[in-house]
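Here's the structure, in structure tokens; my notes come after.
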Amino acid sequence: MKARILTVILSSGLLMTGCSVVNFITPYKLDIPQGNELTADQVENLKVGMTPAQVRFVLGTPLLVDPFHQNRWEYVYRDQKAGTVKAQKRFTVFFENNLVTSWQGDVLPEPAARTALKNRASAPAAADDLMRMKADPANPGSKDIEVKPLIDKGF
């Protein structure tokens, strides 16, 4: 009888410790940003008086269009890593008579590489240079090629 009680106590103790070990093992959570990632250069293209179709082209489809407040679009962005929120941004565009009147909210900073390219000084190209492709020095058979617009073709 004592052996049976001792066996029950030991087996239940082992089962209880097994349950506590399971609590330490957690599933892997993917780091997936969700929503609309709006950057500063996208918001620069936004102008007062744009139509909803133009705003959708510039910023993308909004995450939230409230049926009770159809005069505003909500762009929401949320970044979670391992179950904790790292970044949460909200950007709102306001419309009146189907034209943009104002906007407010947070945007993501521009990537460092894009900022470096914007800040790099470059000489303005002449009008003739825009319509010509230079010869490739690695290819001795290449020549200067003039690129002509296809205005007469209807494009």
Side-chain angles (χ1 to χ4, degrees), residues 8-9 11-134 136 142 144-155:
V8 169
I9 291 173
S11 61
S12 64
L14 286 174
L15 286 174
M16 295 296 271
T17 58
C19 290
S20 65
V21 169
V22 173
N23 289 338
F24 290 114
I25 300 172
T26 58
Y28 177 73
K29 295 181 181 177
L30 292 174
D31 301 336
I32 300 176
Q34 296 181 351
N36 303 94
E37 295 181 2
L38 295 183
T39 59
D41 59 339
Q42 286 177 305
V43 175
E44 279 180 16
N45 295 330
L46 197 60
K47 307 284 184 231
V48 173
M50 292 177 96
T51 64
Q54 292 170 327
V55 173
R56 186 172 278 125
F57 180 76
V58 171
L59 300 180
T61 304
L63 189 64
L64 298 173
V65 179
D66 188 1
F68 298 109
H69 301 101
Q70 293 181 354
N71 60 344
R72 74 175 185 217
W73 285 359
E74 300 283 340
Y75 292 88
V76 180
Y77 172 76
R78 187 174 192 172
D79 189 12
Q80 285 185 324
K81 294 196 188 286
T84 60
V85 177
K86 296 293 182 188
Q88 186 167 348
K89 308 281 185 189
R90 182 181 210 110
F91 189 80
T92 308
V93 180
F94 297 97
F95 294 94
E96 191 173 307
N97 298 327
N98 273 342
L99 297 175
V100 173
T101 57
S102 64
W103 56 87
Q104 66 183 17
D106 308 317
V107 295
L108 294 173
E110 289 187 57
R114 189 176 302 160
T115 306
L117 284 176
K118 275 187 173 179
N119 293 338
R120 189 175 69 189
S122 62
D128 285 343
D129 289 342
L130 293 176
M131 301 305 287
R132 297 183 81 55
M133 287 178 28
K134 300 294 181 194
D136 182 16
S142 69
D144 282 350
I145 302 168
E146 185 173 353
V147 179
K148 296 183 180 181
L150 300 173
I151 295 174
D152 59 336
K153 303 290 185 199
F155 292 108

Counterpart residues, ring pair (Phe, Tyr, Trp, His ring centres under 6.0 Å), relative to Tyr77 (two or more places apart) | none
Show me, pair by pair, the donor-acceptor contacts under 3.5 angstrom made by side chains of residues 99-107, not counting sequence neighbours?
unit_1, atom_1, unit_2, atom_2, d
Thr101, OG1, Phe94, O, 3.3

Please tabulate, one pair per line, all N/O donor-acceptor pairs under 3.5 Å involving side-chain atoms of residues 58-65, not counting sequence neighbours.
none

Could you list all the side chain to side chain donor-acceptor pair (under 3.5 Å) pairs where at least one residue sits in residues 86-98, not counting sequence neighbours?
-> Glu74-Arg90, Glu74-Thr92
Decide side chain to side chain contact (heavy atoms under 4.5 Å, CB included) for Asn36 and Phe91; before the verdict, give the C-alpha distance in whole Å, the side-chain angles of both, and the deciding distance to 0.1 Å.
-> CA-CA 9 Å; Asn36 303 94; Phe91 189 80; over 6 Å; no
Of the non-hydrogen atoms in Tyr75 and Val55, which two are nearest, and what is the gap between them?
-> OH-CG1, 3.8 Å
Under the side-chain hydrogen bond (donor to acceptor under 3.5 Å, both in side chains) test, residues paired with Asp66 that sit two or more places apart | His69
